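No experiment lies behind these values; they were computed from the predicted model shown. Worth knowing before you read on, the calculation uses all heavy atoms, side chains too, and leaves out hydrogens, waters and symmetry mates. Read the numbers this way: they start at 1 and go in the same order the structure lists the ligands and their atoms.
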Amino acid sequence: MITKFIKRILRRDPMVKHTQANNTGAPKRIPKKAHRIDPHLLSKNAVKVTHTLQQAGYEAFIVGGAVRDLALGISPKDFDVATNATPDQVQRLFRKARLIGRRFQIVHVTFFGKGHPEIIEVSTFRALLDNAGDHVAESGRILRDNVWGSQGEDAARRDFTINAMYYDPSSETVLDYHGGMADMQKKTLRMIGDPAKRYREDPVRMLRAVRFAAKTGFTLDGATRAPIAKLGKLLNDVPSARLFDEILKLLMSGYSWAAIQGLKDAGLHHGLLPLLDHILDTGADSKGANDFVKLALANTDERIQSGKSVSAGFLFATLLWPDLLKNWKANSAKGMANIPALHDAMDDTIATQSSGMTIQRRFESDMREIWSMQPRFERRVGRYPYRLIESPRFRAGYDFMLLRCATGELNPAIGQWWTDFIATDVTGQDELMASVKNESGNSPSPAKRRRRRKPKAAVPPESAAS
Ligand code: ATP
Ligand code: MG
């Protein structure tokens with residue numbers, strides 16, 4: 001009892017700056033029978049974290065998107081915890097805890113179990129900033145904000161009412177400061193505070209609005225939607241890396257097609273991906289491109305919703321393909337040879353893209369590999385197919401080629417041929433090679449046939465090692 005009392009007194013870290021309590025109001029306390037959160041959907045590790053913090057005398061809650069998803073009956077993909085303990089105090093309570101970030105100092109508590117390790121992100125309640133001083137850029141954008149505050153202030157800093165609820169697993173109560181639960185019932189996405197001011201502070205919130213609307217199927221509240229048309233251009237001031245992260249989240253949300261339509265409806269697609277400008281702004285003439293992107297995104301959404309992984313390089317390769325194809329055709333029409341025409345078009349497409357939102361280098365090299373593999377699927381002669389299936393990124397290139405077949409850009413018989421080719425054994429592959437010869441009548445030159453490598457399985461280990 002006494003130690004608990006002392007801990008309570010001591011837990012006020014003298015280094016921590018507390019701002020004046022703002023007029024943030026008292027939260028609504030929502031009991032289990034009203035919020036109906038199923039405790040089975042909770043991460044045991046997140047509960048361990050809140051429990052440990054509470055045992056040490058601090059307040060601790062599951063917060064943000066996890067509470068939103070729990071209230072929707074969805075299993076959250078990750079869990080965030082908010083507490084009045086400072087990052088140092090949090091770190092002392094857990095064995096595997098790391099302080100992350102300087103601008104937003106948070107603690108990652110890692111748990112190792114079966115499968116992937118789980119990271120619970122623990123952040124200290126943050127203060128509201130006044131609109132003066134060095135925290136805010138001229139446009140109103142927040143630059144620095146490591147000032148701790150009360151839970152009410154922490155709630156007011158969050159973006160949407162449905163993202164500002166706090167769940168205490170021990171009492172099974174939700175603390176709701178901004179009517180998030182009522183908005184959930186009304187299926188409304190509402191920005192906390194004055195939406196225009198909140199978008200100026202952080203323009204990425206406009207993209208988040210579109211992403212959450214697509215994900216939840218909720219409607220943007222009128223006042224939340226209205227300023228976006230005018231303020232969309234503020235996204236130009238956001239550092240490219242952050243924009244890229246946010247667009248990636250949007251595309252990987254499992255609702256990418258809906259989200260892209262949402263971007264268009266909100267007028268936010270300009271300058272993010274030239275392809276989006278192109279496709280979403282033009283009509284029937286871009287139907288082919290539209291079909292390709294639509295199919296690629298539907299495919300991505302399906303994979304994500306069924307828990308499969310998706311490669312970002314692949315995704316961007318599909319999104320920029322129509323643009324690339326246009327450049328490639330234009331180069332060929334100018335008389336360039338096929339492969340140089342493709343490589344030149346790749347450079348152009350990537351350069352145009354980089355004038356909007358730069359795609360990270362590691363994804364760029366994946367994209368180049370997938371693209372440059374495409375003409376190789378049509379060279380079904382000599383040793384080419386055997387070499388192609390040995391490329392490390394073959395699978396991605398193959399999946400990409402199948403999408404091209406599905407939209408009729410490439411003859412579907414070619415896709416089927418490759419599907420058979422990778423499924424069969426050496427004899428089967430030789431038969432398939434022969435079938436192409438018969439089909440097209442252009443047999444490979446004898447020189448090429450002689451140079452053909454033996455399939456791997458036939459090579460004895462000793463000679464393979466030499
Ligand atoms: P997701 O399902 O994508 O993880 P999320 O709501 O958890 O959705 P995060 O980016 O993980 O989104 O952020 C966690 C929480 O932090 C949000 O729910 C919100 O309360 C707050 N938050 C995140 N980004 C912002 C922002 N730009 N402005 C205000 N609050 C934010
Ligand atoms: Mg989250």
Side-chain angles (χ1 to χ4, degrees), residues 24 27 41-43 46 61-83 100-101 103-106 108 118-129 135-136 140-145 149 151-167 174-181 183-184 189-218 224 228 231 234-235 237-239 242-256 259 304-305:
T24 44
L41 294 178
L42 291 170
S43 142
F61 301 84
I62 290 169
V63 69
V67 185
R68 173 197 70 220
D69 289 349
L70 288 166
L72 286 168
I74 303 172
S75 183
K77 66 174 165 37
D78 45 43
F79 282 81
D80 297 331
V81 166
T83 178
I100 307 284
R103 221 182 98 195
F104 306 101
Q105 220 176 35
I106 51 173
H108 277 179
E118 184 180 7
I119 294 176
I120 306 294
E121 201 168 287
V122 185
S123 51
T124 304
F125 295 146
R126 288 219 179 87
L128 273 174
L129 298 172
H135 296 308
V136 182
R141 189 159 62 88
I142 291 182
L143 300 175
R144 196 160 61 80
D145 61 352
Q151 185 179 29
E153 287 183 280
D154 187 80
R157 290 180 38 106
R158 292 178 183 272
D159 46 7
F160 301 97
T161 60
I162 62 168
N163 281 350
M165 297 187 282
Y166 297 75
Y167 178 68
V174 170
L175 299 190
D176 182 6
Y177 283 84
H178 296 280
M181 207 54 92
D183 281 341
M184 301 251 350
L189 201 57
R190 190 190 313 275
M191 179 63 75
I192 296 168
D194 169 20
K197 183 173 167 229
R198 304 299 312 281
Y199 294 139
R200 281 205 181 89
E201 282 172 1
D202 181 5
V204 165
R205 288 175 185 147
M206 293 185 267
L207 295 177
R208 289 175 62 86
V210 169
R211 170 157 67 93
F212 293 130
K215 180 174 167 176
T216 55
F218 287 12
T224 298
I228 295 181
L231 299 181
L234 294 179
L235 284 170
D237 301 341
V238 176
R242 177 135 191 258
L243 217 47
F244 180 84
D245 283 351
E246 195 53 41
I247 290 292
L248 197 58
K249 277 193 195 170
L250 191 137
L251 295 172
M252 301 275 196
S253 62
Y255 299 85
S256 61
I304 289 177
Q305 285 177 23

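- Here CG of Leu207 is found 7.0 Å from CG of Leu250. Values are rounded to the nearest 0.5 Å.
- If you check which protein heavy atom lies closest to atom 30 (N) of ligand 1, you get Asp159 N, 3.2 Å.
- Rounded to the nearest 0.5 Å, atoms CD1 (Ile162) and CZ (Phe212) are 7.5 Å apart.
- Test Leu234, Leu243, Asp237 against Pro203 for side chain to side chain contact (heavy atoms under 4.5 Å, CB included) and you get one pass: Leu234.
- Closest approach of Ala71 and Met184 over heavy atoms only: CB-CE, 3.9 Å.
- Screening Arg157, Arg208, Arg242 for a salt bridge (charged side-chain N to carboxylate O under 4.0 Å, His left out) with Asp202, the sole residue that qualifies is Arg242.
- Taking only nitrogen or oxygen atoms, main chain and side chain alike, Arg158 reaches within less than 3.5 Å of ligand 1.
- Taking every heavy atom of Lys77 and a limit of under 4.0 angstrom, the matching atoms of ligand 1 come to 1 (P), 2 (O), 3 (O), 4 (O).
- Annotation: side-chain contact (heavy atoms from CB on, under 4.5 Å) contacts of Pro76 (sequence neighbours excluded): Ala66, Asp69, Leu70, Phe79.
- Residue Glu246 places every heavy atom at 4.0 Å or more from ligand 1.
- Under 4.0 angstrom from ligand 1, there are no non-hydrogen atoms of Phe160.
- For a threshold of 3.5 Å applied to N or O pairs, the pair formed by Arg68 and ligand 1 contains at least one separation below that value.
- Proximity of Asp80 to ligand 1, defined as any heavy-atom pair under 4.0 Å, is confined to the side chain (atoms from C-beta onward).
- For atom 18 (O) of ligand 1, the closest non-hydrogen atom on the protein side is Gly65 N, 3.1 Å.
- At least one heavy atom of Arg211 sits under 4.0 Å from some atom of ligand 1.
- Of the candidates Arg208, Lys215, Arg205, Arg242, the one placing a heavy atom closest to atom 9 (P) of ligand 1 is Arg208.
- Under a 4.0 Å criterion applied to the non-hydrogen atoms of Asp202, ligand 1 contributes the atoms 26 (C), 27 (N).
- Residue Arg126 does not touch ligand 1, judged by heavy-atom distances below 4.0 Å.
- Val63 has its side chain within reach of Arg158: a pair of non-hydrogen atoms, C-beta onward, lies under 4.5 Å apart.
- Among the atoms of Gly64, none of the N or O lies under 3.5 angstrom from an N or O of ligand 1.
- Using a 4.5 Å heavy-atom cutoff, the side chains of Phe61 and Met165 are not in contact.
- Only the backbone of Arg157 comes within 4.0 Å of ligand 1, counting heavy atoms alone; no side-chain atom from C-beta on gets that close.
- Atom-to-atom distance recorded for Arg68:CZ and Thr161:OG1 is 11.0 Å, nearest 0.5 angstrom.
- Interatomic distance, Leu189 CG to Asn163 CG, rounded to the nearest 0.5 Å: 7.5 Å.
- For ligand 1, the atoms lying closer than 4.0 Å to a non-hydrogen atom of Asn163 are 6 (O), 18 (O), 19 (C), 20 (O).
- Close contacts between ligand 1 and Lys249 involve ligand atoms 10 (O) [criterion: under 4.0 Å to a heavy atom].
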